[in-house]
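Please read the structure below before turning to the comments.
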2 protein chains.
Amino acid sequence: MGNRSLLIDAASAELSEHGLDVSIARIAARAGVAKGTVFNHFSSKEELISAIFCDQLDTLAATGETLLEHTDPRAALLQFMSAGAELQANDRAFCEAAAATSRAHPAIRAASDRLAQVAEALTARARQAGVVRADVTGHDIVLLLNAPTRIAAPLAGARSDLWRRYLHLIFDALRPEAGHELPVAAPTNADFTTAATR
Amino acid sequence: MGNRSLLIDAASAELSEHGLDVSIARIAARAGVAKGTVFNHFSSKEELISAIFCDQLDTLAATGETLLEHTDPRAALLQFMSAGAELQANDRAFCEAAAATSRAHPAIRAASDRLAQVAEALTARARQAGVVRADVTGHDIVLLLNAPTRIAAPLAGARSDLWRRYLHLIFDALRPEAGHELPVAAPTNADFTTAATR
DNA sequence: ACCTGAACACCGTTCAAGT
DNA sequence: ACCTGAACACCGTTCAAGT
């Protein structure tokens, strides 16, 4: 096993436990290499984090693609959102990265687009089945994925399952019966592009 | 005007624009004092941030107390949540602090408790009027205050008003008609205490 | 009592020297 | 080609020296 894999493994573990602020020194020590070696494989700390973050986005997108086979469109969408929120509940860095990471990085853009596409497919099925309000889009769902863990974050130490409460509260907001007209239009692909190039 | 006030003003402006990561050097320079002077008035960067964060929580609590006079309980709750979200949309550090700051600090605990009380009063009125589902509490509302800005954060550069979409989506989730039973109980005062002492 | 700026321990990053 | 550890510029914080 090469040092690159050792670094990815060490970084995944440290990031998951301690969040994005974990030091390069700690990651290098856990991988059993010198600090400088990290920059032999990744041009910056951000690049190392991006590599791991992309893998996690791809895993979630794959989960979503599997759920497209599910016969119940409403259950499929709920399970997709549940999977996204749970990944973040179990991984501090994933939760922080989902909120903070810009889409400027090309690899993150690609993974993010793949995720947006599967989210839109799942949402479209649920919309057609009449179980989700007509004005909610796949982009909305992607942005909503990290809401439950962030809402519950201040109490994560005391109530580790609290994010499930807010996942279901938000899911209730998606029901057709819930719908007042929303005051601002859904985000578009162009919005993501603009935000990425700032 | 003393250096303490100059520092609070400079820090408020820098934090609002650049978020919690702004350097002490920048704040000191803006206030026109040496770096060391900051620690003459605040024992740490965190203490300085806490002082400002508390003021903002108190301002929001005062807004909530005024809204208790409002004749329409539903409009009062919406305006309270709207005010909380808007403060965070206009102040990067307030948004970050609302998500990240622990309630361990006594002054923050006090401001946070005052906010929770007015939130509970507003929620109770709306609940009794039958315009908010029975299982949502004041603590839920406090935790939900920073959700709209966080959900919209990745697109804040491209769509500065997008948070309003998610504020109204979340507000729709609070309607009695929306209510499926939630799988996890609302947070309690005890949960906040436990989380604070970790 | 308050202010200053040099000093310290940390961080991410670079790079000359080794294999 | 890859690894290392000293060096650098930054950060928050401390503190002896000044007023």
Side-chain angles (χ1 to χ4, degrees), chain A residues 1-54 91-97 99-102 104-108, chain B residues 1-54 91-97 99-102 104-108:
Chain A
M1 179 130 71
N3 276 342
R4 196 192 143 95
S5 313
L6 287 173
L7 278 167
I8 291 267
D9 289 351
S12 297
E14 289 291 331
L15 285 164
S16 164
E17 288 168 42
H18 304 110
L20 295 179
D21 283 344
V22 78
S23 75
I24 291 286
R26 243 188 118 111
I27 293 171
R30 182 158 185 155
V33 300
K35 248 176 22 164
T37 302
V38 176
F39 297 93
N40 209 320
H41 294 276
F42 304 93
S43 62
S44 68
K45 184 184 183 181
E46 205 190 336
E47 204 74 18
L48 168 57
I49 290 171
S50 292
I52 293 168
F53 185 51
C54 281
D91 187 322
R92 260 187 78 175
F94 186 37
C95 181
E96 291 170 22
T101 305
S102 126
H105 193 290
I108 291 184
Chain B
M1 177 129 72
N3 277 344
R4 196 192 142 95
S5 312
L6 287 172
L7 277 168
I8 292 268
D9 289 350
S12 297
E14 289 291 331
L15 285 165
S16 164
E17 288 169 42
H18 303 109
L20 296 178
D21 283 344
V22 78
S23 75
I24 291 285
R26 244 188 118 110
I27 294 171
R30 182 156 184 156
V33 300
K35 250 177 20 165
T37 303
V38 175
F39 297 92
N40 209 321
H41 294 277
F42 304 93
S43 61
S44 68
K45 183 183 182 182
E46 206 191 335
E47 205 74 21
L48 169 57
I49 291 172
S50 291
I52 293 170
F53 185 51
C54 281
D91 188 322
R92 259 186 78 175
F94 187 38
C95 181
E96 292 171 21
T101 306
S102 125
H105 193 290
I108 291 185

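Sequence lines set the chain letters: A, B, ... in the order given, protein chains first and strands last, and positions in each chain run from 1. Only this structure's heavy atoms are used, side chains among them; waters, hydrogens and symmetry mates stay out.
Out of C:dG12, D:dT13, C:dG5, the shortest distance to the side chain of B:Ala34 is found at C:dG5. Taking the side chain of B:Asn40 as heavy atoms from C-beta on, and the options C:dC2, D:dT13, D:dT4, the nearest nucleotide is C:dC2. In the set D:dT13, D:dT4, C:dG12, the nucleotide with an atom closest to the side chain of A:Lys35 is C:dG12.
Spacing between atom CZ of A:Arg4 and atom P of D:dC2 amounts to 11 Å, rounded to whole angstrom units. Residue B:Phe42 contributes atom CZ, which lies 15 Å from atom P of D:dG12 at whole-angstrom precision. Distance A:His41 NE2 to C:dT14 P: 15 Å, rounded to the nearest Å. Rounded to an integer number of Å, the gap from B:Phe39 CZ to D:dG12 P is 7 Å. B:Leu48 has its CG atom 16 Å from the P atom of D:dC11, to the nearest Å.
In this model, a donor atom of one side chain and an acceptor atom of the other lie less than 3.5 Å apart for A:Glu47 and A:His105.
At least one side-chain heavy atom of A:Phe42 sits less than 4.5 Å from a side-chain heavy atom of A:Ile8.
One finds the OG atom of A:Ser12 at 11.0 Å from the CD atom of A:Glu17 (value rounded to the nearest 0.5 Å). Considering NZ of A:Lys35 and CD1 of A:Ile27, their distance stands at 12.0 Å, rounded to 0.5 Å.
Across all strands shown, A:Val38 has no heavy atoms under 4.0 Å from either base or sugar-phosphate atoms.
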Next item on the list: Check step by step if side-chain contact (heavy atoms from CB on, under 4.5 Å) holds for A:Ile24 and A:Phe39.
Entry: CA-CA 10 Å; A:Ile24 291 286; A:Phe39 297 93; 4.1 Å; yes

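Minimum heavy-atom separation, B:Leu7 to B:Thr37: CD1-O, 4.2 Å. Closest approach of A:Glu96 and A:Gly19 over heavy atoms only: OE2-CA, 3.8 Å. Listed here is the closest heavy atom pair of A:Asp91 and A:Ser16: OD1-CA, 3.3 Å.
If you check residues 7-30 of chain B against DNA chain C, you find no residue with a heavy atom closer than 4.0 Å.
Residue pairs meeting the salt bridge (Lys or Arg N to Asp or Glu O under 4.0 Å) criterion with at least one member in residues 18-27 of chain B, sequence neighbours excluded, are B:Glu14-B:Arg26.
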Next item on the list: Let me have DNA chain D in dot-bracket notation, would you? Count Watson-Crick plus G-U wobble pairs, both distances under 3.5 Å, and use [ ] for pairs crossing earlier ones and | for inter-strand partners.
Entry: ||.|||||...|||||.||

